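Note that this is a predicted model, so its numbers are computed, not measured. Within every chain, numbering begins at 1; the chains are lettered A, B, ... in the order of the sequence lines, protein sequences first and strands thereafter.
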Amino acid sequence: MRIATWNINSIRARHDRVLAWLERSDVDVLAIQETKIDDARFPVESFERLGYRVAHHGTNQWNGVAIASRVGLDDVQVGVPDLPAFGEDPAVEARSLGALCGGVRVWSLYVPNGRAVDDPHYHYKLHWLAVLRDYAAKQLADEPHLPMLLCGDFNIAPTDDDIWSVEYYQGSTHVTGPERQAFANLTDAGFTDVVRPFHPGPGVYTYWDYTRLSFPKRRGMRIDFALASPALAARVTDAQIDREERKGKGSSDHAPVIVEFKDA
DNA sequence: ATGGTGGTTCGACCA
């Protein structure tokens with residue numbers, strides 16, 4: 001089974017590219033982030049035409065997450081329970097969606113961007129990650145052999161190997177101690193980064209800023225991850241970061257990340 | 001191989 005995660009940065013701007021990628025990528029499950037659309041306008045039919053069922057969670061033009069699957073889509077969960085709300089008129093943003101796909105509990109996650117160190121969004125991000133960690137740890141405590149994948153855009157570069165320049169990111173978000181600790185708390189809870197062993201750093205990235213010719217200059221960050229529970233991590237046979245998809249006009253600023261699993 | 005960002009409620013905000 002092949003499971004991918006991809007921040008597409010708008011389904012409307014990326015519709016044809018996402019569907020073309022899905023058609024040739026041979027993935028069984030695609031966890032999508034930043035659809036930037038509400039549920040009513042998400043193009044479900046486009047995915048169904050390719051043989052995928054799809055669940056989407058989006059409330060407006062921001063955030064939005066989805067899971068497309070051709071190996072079953074059951075027990076859909078809109079949102080990790082108890083995630084914090086944000087804003088002047090506080091609302092829980094559309095940043096997490098879970099479903100059971102081919103026996104794997106898949107979560108499509110779009111971790112908040114902290115914007116700046118000590119910005120309210122930064123504290124919201126850390127709180128959000130702590131709630132996610134507690135939820136994931138509880139799931140594993142209740143069911144130690146659960147095949148579960150936490151995948152998506154974490155907006156954290158866990159080590160200096162995951163950024164093109166330590167100096168460039170000095171004083172900015174994604175690399176601070178508390179963010180890296182929040183990420184480590186997830187891996188310490190038993191969720192392993194299953195891509196890293198196949199693509200050791202430094203220099204391996206999943207995101208490149210649109211500005212400053214970042215992509216051709218290979219100036220990126222590794223912030224998109226697939227974190228597998230112990231039972232699922234034991235089944236990993238390969239992983240890829242589809243850097244090719246970042247090329248050309250009209251690409252997302254993130255590349256798809258794909259993991260292959262052998263049958264249980 | 002890339003092209004001086006690009007996405008969103010059209011224009012200030014988000015990443």
- What about the rings of A:Trp107 and A:Tyr135, do their centers lie closer together than 6.0 Å? yes
- Note on the structure: note: A:Tyr210, atom OH; B:dG6, atom C1'; distance rounded to Å ~ 6 Å
- Task: Please determine, for B:dT2, whether a Watson-Crick or G-U wobble partner exists with both distances under 3.5 Å, and give it or none.
- Result: none
- Query: What interatomic distance, in whole Å, is found between C1' of B:dA1 and the corresponding atom of B:dG7?
  - Reply: 24 Å
- Please state the P separation for the pair B:dT5 and B:dC10 - nearest whole angstrom. 23 Å
- Query: Base, sugar-phosphate alone, or nothing: which one does A:Gly248 contact when heavy atoms must sit under 4.0 Å apart?
  - Reply: sugar-phosphate
- Task: Report the distance from atom CH2 of A:Trp208 to atom C1' of B:dG4, rounded to the nearest whole Å.
- Result: 19 Å
- Taken to the nearest whole Å, CZ/A:Phe86 to P/B:dA15 is 9 Å
- Task: Have a look at A:Tyr207 and say if it touches a base, only the backbone sugar-phosphate, or nothing, with a 4.0 Å heavy-atom cut-off.
- Result: nothing
- Just call it for A:Ser10: base, sugar-phosphate, or nothing, with non-hydrogen atoms closer than 4.0 Å on any strand. sugar-phosphate
- Mind checking whether A:Tyr168 and A:Trp164 have parallel, tilted or perpendicular rings, split at 30° and 60°? tilted
- Separation of atom CZ in A:Arg14 from atom C1' in B:dG6, rounded to whole Å: 8 Å
- Under 4.0 angstrom between A:Arg12 side-chain N/O and B:dG7 OP1 or OP2: no
- Name the residue closer to the 5' end of DNA chain B, choosing between A:Pro112 and A:Asp38 according to the nucleotide with the nearest heavy atom. A:Asp38
- Query: Would you say the side chain of A:Asp26 lies within less than 4.5 Å of the side chain of A:Arg70, judging by non-hydrogen atoms?
  - Reply: yes
- Message: Has A:Arg2 got a side-chain atom pairing as donor or acceptor with A:Ser25's backbone, closer than 3.5 angstrom?
- Response: yes
- Query: Looking only at side-chain N and O atoms, does A:Arg243 come under 4.0 Å of OP1 or OP2 in B:dT2?
  - Reply: no
- Task: Over 60° means perpendicular and under 30° means parallel, so classify the ring planes of A:Tyr207 and A:His254, tilted if in between.
- Result: tilted
- Between B:dA15 (P) and A:Glu93 (CD): distance, integer Å: 8 Å
- Starting at NE2 of A:His15 and ending at P of B:dG6, how long is that distance when rounded to a whole Å? 21 Å
- Query: A:Arg41 side chain: which of B:dG7, B:dT9, B:dA15 is closest?
  - Reply: B:dT9
- Nearest-Å distance, CG (A:Asn155) to C1' (B:dA15)? 8 Å
- To the side chain of A:Lys247, which of B:dT5, B:dA1, B:dA15 is closest? B:dA1
- Message: Salt bridge or not between A:Arg24 and A:Glu245? Use side-chain N to carboxylate O under 4.0 Å.
- Response: yes
- Item | Interatomic distance where NE2 belongs to A:His174 and C1' belongs to B:dC14 [whole Å] | 12 Å
- Nearest-neighbour nucleotide for the A:Trp62 side chain, B:dC14, B:dA15, B:dT5 considered: B:dC14
- Query: DNA chain B: A:Thr211 or A:Thr59, which has the more 5' nearest nucleotide?
  - Reply: A:Thr211
- Which value, in whole Å, describes the distance between the C1' atoms of nucleotides B:dG4 and B:dT8? 22 Å
- Query: Are any of A:Arg115's side-chain N or O atoms less than 4.0 Å away from OP1 or OP2 of B:dA15?
  - Reply: yes
